[in-house]
2 protein chains.
Amino acid sequence: MKVCKFGGTSVATAEQIKKVVDIVKSDDSRKIIVVSAPGKRFAEDEKVTDLLITLANVALNNKNVEAALENVVTRYRLIGEELGLDSTIAQVIEDDLRNRLATKSNDESLFMDTMKAAGEDNNAKLIAAYFNHVGILAQYACPKKAGLLVNERPERVQALPEGYAQLENLKNAEGIVVFPGFFGYTKSGTLRTFNRGGSDITGSIVAAAVRADLYENFTDVDSVFAANPKVVENPAAIGKMTYREMRELSYAGFSVFHDEALMPAFLRSVPVCIKNTNNPEAPGTMIVSERDYSAQPVIGIATDNGFSTLFVEKYLMNQEIGFGRRLLQILEDEGISFEHTPSGIDNMSVIIRNEYLTEDNRLKIIKRIEEELHADDVHFRETDYSMIVLVGEGMRHATGLTARAATAIARTGSNIEMINQGSSEVSLVFGVDKKDEDKILRELYTEFFQKVKVLA
Amino acid sequence: MKVCKFGGTSVATAEQIKKVVDIVKSDDSRKIIVVSAPGKRFAEDEKVTDLLITLANVALNNKNVEAALENVVTRYRLIGEELGLDSTIAQVIEDDLRNRLATKSNDESLFMDTMKAAGEDNNAKLIAAYFNHVGILAQYACPKKAGLLVNERPERVQALPEGYAQLENLKNAEGIVVFPGFFGYTKSGTLRTFNRGGSDITGSIVAAAVRADLYENFTDVDSVFAANPKVVENPAAIGKMTYREMRELSYAGFSVFHDEALMPAFLRSVPVCIKNTNNPEAPGTMIVSERDYSAQPVIGIATDNGFSTLFVEKYLMNQEIGFGRRLLQILEDEGISFEHTPSGIDNMSVIIRNEYLTEDNRLKIIKRIEEELHADDVHFRETDYSMIVLVGEGMRHATGLTARAATAIARTGSNIEMINQGSSEVSLVFGVDKKDEDKILRELYTEFFQKVKVLA
C-alpha cells in the first residue's frame with residue numbers, strides 16, 4: 001500500500017485535482033492521500049493559507065469578516081464548479097469557516113492555528129467529494145477522529161507516536177482515504193499546526209503509522225537535483241539517495257523537503273519517493289536507508305547563506321577549562337543557536353545564522369564576553385558568509401575527496417574561510433564569502449557531476 | 001642590551017660553561033644571562049634537577065640523605081674543579097642544599113619546589129664565580145631580591161608584571177648578571193617553580209622587564225626547523241618567524257620552546273633569537289612581531305598525537321539550543337579540556353588529548369551524556385588520532401593552500417579524518433590516523449618546502 005501526499009501546487013486548481021485523481025486511479029495500491037491547501041495558481045496568486053491568515057487577522061481586529069471570508073470560499077467554489085460538483089461543498093466549507101470564526105477567543109495563537117488548518121481540512125473534503133463524483137469511493141478523514149496526536153503547547157509541535165495504533169486503522173477504511181495535512185490534535189483536543197513542512201510531515205506520519213510500502217511525495221519537480229538549477233545549468237537528477245543525504249541537503253538549503261518531515265518514515269523504514277504531479281511517469285527520486293555509493297560518493301551540493309562569525313581570542317584560552325562552555329552559555333542566554341565552532345589555540349569562532357542576530361544582541365554578547373570571560377579580542381568577523389555543503393554517503397571513505405573539492409574551489413580564485421569536516425560521516429562543509437558562492441557551486445558541480453546524468 | 005638564556009645542555013659541563021663565557025665575552029651587549037640547572041652530559045646521564053627530586057624524596061621518606069646529597073654536590077664539584085675554581089663554591093652549594101633540606105615540612109609540594117630550584121640557583125652562583133675567576137666582573141642575582149614575583153598558590157604559577165619595575169634595575173648592575181631560571185617568589189616569600197619551560201620563561205620575563213633589545217635563547221640546535229628532523233631528512237632551517245607562528249608550532253609538538261615562554265617578550269615586543277651554544281656563529285632563528293610572508297606563506301609543519309574523538313549523535317540536535325554547552329559542561333565536570341569540536345547537523349565530535357582520559361572517566365562521560373542529554377549514540381570513535389598542523393602567517397590569504405595540502409595528503413593514500421580551519425589565521429589542522437602521520441608529514445614537507453633551504 002502507498003501513501004501519497006500532494007502539495008499546494010498539485011491541488012491548486014480543478015485541472016490539478018483531476019491529475020491527482022488520475023494518478024490515484026492508475027495504481028490500485030495508492031490508498032491514502034494526504035493533501036495540502038490550494039496553493040498558488042500563478043506567480044502573483046495568493047495561497048489559500050494566506051487568505052485564511054488575512055481572514056483570521058480581520059476577525060482578531062474585530063472588523064467585518066464577510067469580504068475576507070468570501071475570498072476564501074470563492075476559491076473553493078471555483079474549484080468545485082470547474083470539477084462539476086454541485087454547490088453543497090461550497091456551503092459545507094462556508095459553514096465550517098463560520099464555525100471556526102465563532103471560536104475566536106483571547107488565545108490568538110490557538111485561533112490562528114484553527115483558521116489556518118481550514119485550508120487543508122476543507123480541501124480534503126472537496127477532493128474526497130470529487131473522487132466520489134467520478135465514481136471512486138473515497139472518504140475524508142478527520143485527523144482528530146483518525147488519531148493524529150500531537151504534543152501539548154508550548155513545546156514545538158511534534159506528532160506523538162502513541163497515536164499510530166489508531167491511525168493504522170486507516171488501512172482498513174473502504175475506498176480512498178483523503179487526509180488533510182498540516183495539523184493534528186493534542187490529547188486534550190486542541191488543534192495545532194506543524195511549524196514547517198506541514199503536509200509533508202502529515203504524509204510521513206500516516207505512511208509510518210500504516211507501515212506503507214512507499215510514501216510518495218508529489219510535488220512540482222521531476223526529481224531532486226544534485227545542485228540548485230537556478231545556479232547550475234541542467235543539474236543531474238538524483239535517482240536514489242539515503243535519508244541521511246536528503247536530511248543534510250534539506251538542512252543546507254535544499255527546499256524540496258523539510259528535513260524534519262523525513263523522520264517518521266525513516267524510523268519505520270518506509271521508503272520515500274519524490275514525484276511530479278505534472279509528470280507522474282518520471283521515476284522521481286527514491287529516498288531509502290542505504291545505497292551503493294561506490295560509483296557516486298557525492299550525491300549533491302547544497303548552499304546556504306546569511307551567516308556571521310563571532311571571533312573570540314584570549315591568550316592561553318586552551319588551558320582554561322570551561323572557556324568554550326561559558327562562551328556557548330552566553331549565546332544560549334540570548335536564545336542563539338550555533339552552527340559550527342572552529343577553534344585555534346587562543347581563539348574560537350562561532351558561526352551563527354544572521355536571523356538570530358540583532359544590533360542589540362550583538363553588542364550585548366560582545367560586552368558579556370569581554371567582561372565575563374576577559375577575552376582579549378571579541379568581534380563579529382564575517383557577516384555575509386555562505387556555507388557550501390557536499391553531501392554523500394561515500395564521502396568519509398573516498399580518499400582525496402577533500403583535495404578534489406578544495407582544488408576546485410581554488411580554481412575559482414576564492415578563499416576557503418572555514419572547513420568543517422570530522423563529525424558527520426556524510427557531509428563536508430566549506431565556509432566561503434557570499435560573493436563567491438555561485439561560482440564555487442558551479443565549479444564543484446563540474447568537478448563531481450560533470451559526466452553524470454542520473455544519480456542512481 | 002641583550003638577555004641570554006642558556007639551557008641545561010649548554011651549562012652541563014665545564015666545557016660547555018666555557019663556551020657560555022666565550023659567547024658573552026664576544027658581544028658587549030650581552031649583559032644578563034639566565035641559566036638552567038646542569039643538564040645531561042650524555043644520553044644516559046641524569047639531569048641535576050632529577051637528582052634533586054630524588055634527594056627530596058629520600059628526605060620526605062625520612063631516609064638518610066647523605067648519598068643522594070653527595071650525588072648532587074659532586075656534579076657541581078666536578079664542574080667547579082674542571083673550571084679551575086677552588087672548593088669554596090662546592091661548599092657554598094652543599095651548605096645551601098643542607099639549608100633547603102632543613103625546611104622540610106608537611107607541605108610536600110612547597111618543599112619539592114624549594115629543592116628543585118636549587119639546581120638553577122646554585123648553577124648561577126657557580127657560573128658567576130667562574131666569570132669572576134676569568135676576570136670578567138659578574139654577580140649572581142637572587143630572584144627574591146631582584147623582584148621576580150609570582151602569584152600565590154594554588155593557581156598555576158605565573159609571573160606578576162608588578163615585579164618588572166624592580167627587575168628593571170638589573171640593567172644598572174655592575175658587570176654581568178647571572179640569573180637562575182625556573183623559579184620566583186610570591187609576595188609572601190614562598191618559592192614557586194614554573195611548571196613547564198621554566199628557564200625559558202625566566203629569560204623572557206627578565207628580557208621584558210629590562211626591555212632588552214634582544215632575548216637570545218641558547219640551546220643545542222642551530223635553529224628551529226620547518227619540520228621534525230627525526231621524520232623529515234634535512235628540513236629547512238627557519239631564519240625568521242613570528243611569535244604567533246612559534247606559538248602554534250610549540251603548541252602542536254615542536255619541542256624547542258614552550259609556547260607560554262614567549263609571552264612576556266612578546267608583550268613588550270622584545271625580539272627573540274634561538275641560537276646554538278655549540279655553534280654561536282650560526283644566525284639562529286629570529287622570532288619577531290611581523291614578517292613578510294609573501295614568499296613563504298607556510299613556515300612549519302608540526303605533528304602531535306595521542307588524541308581521541310568523542311562522538312555524540314542525537315536527532316534534531318541542531319534545533320536544541322544548549323546541547324553543545326551541556327556536552328562541554330559534562331567534560332568540564334570531569335576536568336577535561338578539549339581541542340576541537342567539529343559538528344554535523346545531528347552530531348558533534350569532541351577531540352580530546354588521551355592524557356585526560358581514563359577507563360573510568362570514559363565510561364562516566366558516556367553514561368552521563370546518554371542519561372542527561374538523551375543522546376541516540378555516544379562513543380569514543382578514534383582513539384589514536386594525530387594532528388598535523390600547518391603554520392604560517394600567509395595561510396589565510398593564500399588561495400589554494402588548503403587544496404595543495406589536501407592533495408598532498410591524498411597522494412599518500414591516507415584519509416583526512418578531520419579538518420579544523422576557520423578560527424586561527426595562522427594554522428590549518430588536519431586530523432589523521434596515527435599510522436599515517438609520518439608519511440603525511442613527509443609529503444606535506446615536500447609540497448611546501450621542497451626547494452627551500454632557509455626560511456627568512
Side-chain angles (χ1 to χ4, degrees), chain A residues 156 247-248 251-252 259-260 263 309 311 315-316 318-322 324-325 328-329 331-332 335-349 351 396-397 399-411 413-427 431, chain B residues 156 247-248 251-252 259-260 263 309 311 315-316 318-322 324-325 328-329 331-332 335-349 351 396-397 399-411 413-427 431:
Chain A
R156 206 170 54 83
R247 183 157 155 64
E248 296 265 356
Y251 184 70
D259 57 348
E260 220 178 313
M263 204 55 188
T309 303
F311 176 80
Y315 178 62
L316 296 183
N318 66 323
Q319 295 185 13
E320 201 173 318
I321 291 182
R325 191 264 310 160
L328 298 182
Q329 177 74 64
L331 295 173
E332 188 179 336
I336 290 170
S337 129
F338 65 91
E339 301 292 311
H340 305 288
T341 56
S343 56
I345 295 183
D346 289 338
N347 50 64
M348 184 169 160
S349 295
I351 295 167
R396 196 164 177 90
H397 304 288
T399 299
L401 202 142
T402 307
R404 284 174 66 191
T407 303
I409 294 173
R411 280 198 297 271
S414 311
N415 264 331
I416 298 170
E417 305 285 338
M418 186 215 69
I419 302 180
N420 190 333
Q421 174 182 351
S423 190
S424 167
E425 299 201 329
V426 299
S427 73
Chain B
R156 208 169 53 83
R247 181 157 156 63
E248 295 265 357
Y251 183 69
D259 57 346
E260 219 177 315
M263 204 58 189
T309 303
F311 176 81
Y315 178 63
L316 295 182
N318 66 324
Q319 296 186 13
E320 201 173 320
I321 291 182
R325 191 264 308 159
L328 297 183
Q329 178 73 65
L331 294 174
E332 189 179 336
I336 290 170
S337 133
F338 64 92
E339 302 291 311
H340 306 287
T341 54
S343 57
I345 297 182
D346 289 338
N347 50 63
M348 184 169 162
S349 294
I351 295 167
R396 198 167 175 87
H397 304 288
T399 299
L401 202 143
T402 307
R404 284 175 66 191
T407 304
I409 294 173
R411 281 199 296 272
S414 312
N415 263 331
I416 298 170
E417 304 286 338
M418 186 214 70
I419 301 181
N420 191 334
Q421 174 183 352
S423 191
S424 167
E425 298 200 330
V426 298
S427 73

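Letters A, B, ... mirror the listed sequences (proteins, then strands); counts begin at 1.
- No other option in B:His340, B:Arg404, B:Gln329 has as many heavy-atom pairs under 4.5 Å with chain A as B:Gln329.
- Contact record, A:Ser423 with B:Gly344: CB-N, 3.9 Å, taken as the closest heavy-atom pair.
- Contacts with chain A were tallied for B:Asp346, B:Leu331, B:Thr309, B:Ile409; B:Asp346 has the most, counting heavy-atom pairs under 4.5 Å.
- Counting only distance, with no hydrogens or angles, the side chain of A:Ser337 and the backbone of B:Glu320 share no donor-acceptor pair below 3.5 Å.
- Of the residues considered (B:Ser343, B:Gly400, B:Ala406), B:Ser343 shows the highest number of contacts with chain A, using heavy-atom pairs under 4.5 Å.
- Shortest non-hydrogen contact noted between B:Ala410 and A:Thr399 is O-CG2, 4.2 Å.
- Per-residue counts of heavy-atom pairs under 4.5 Å with chain B were compared for A:Pro342, A:Gly413, A:Gly324; the largest is that of A:Pro342.
- Counting heavy-atom pairs under 4.5 Å between each of A:Thr341, A:Asn347, A:Ile351 and chain B puts A:Asn347 at the top.
- Proximity to chain A (any heavy atom under 4.5 Å) is shown, for B:Ser427, by neither the backbone nor the side chain.
- Between the side chain of A:Gln421 and the backbone N or O of B:Ile416 there is at least one donor-acceptor pair closer than 3.5 Å.
- Comparing A:Leu328, A:Ile321, A:Leu401, A:Ile419 by how many heavy-atom pairs each has under 4.5 Å with chain B, the most go to A:Ile419.
- Only the backbone of B:Ile336 comes within less than 4.5 Å of a heavy atom of chain A; no side-chain atom from C-beta onward does.
- Chosen from B:Met418, B:Arg411, B:Glu425, the residue pairing most often with chain A at heavy-atom distances under 4.5 Å is B:Met418.
- Comparing A:Glu417, A:Met348, A:Glu332, A:Arg325 by heavy-atom pairs within less than 4.5 Å of chain B, the highest count is held by A:Arg325.
- For chain A, the nearby part of B:Ser414 is the backbone; its heavy atoms alone come within less than 4.5 Å.
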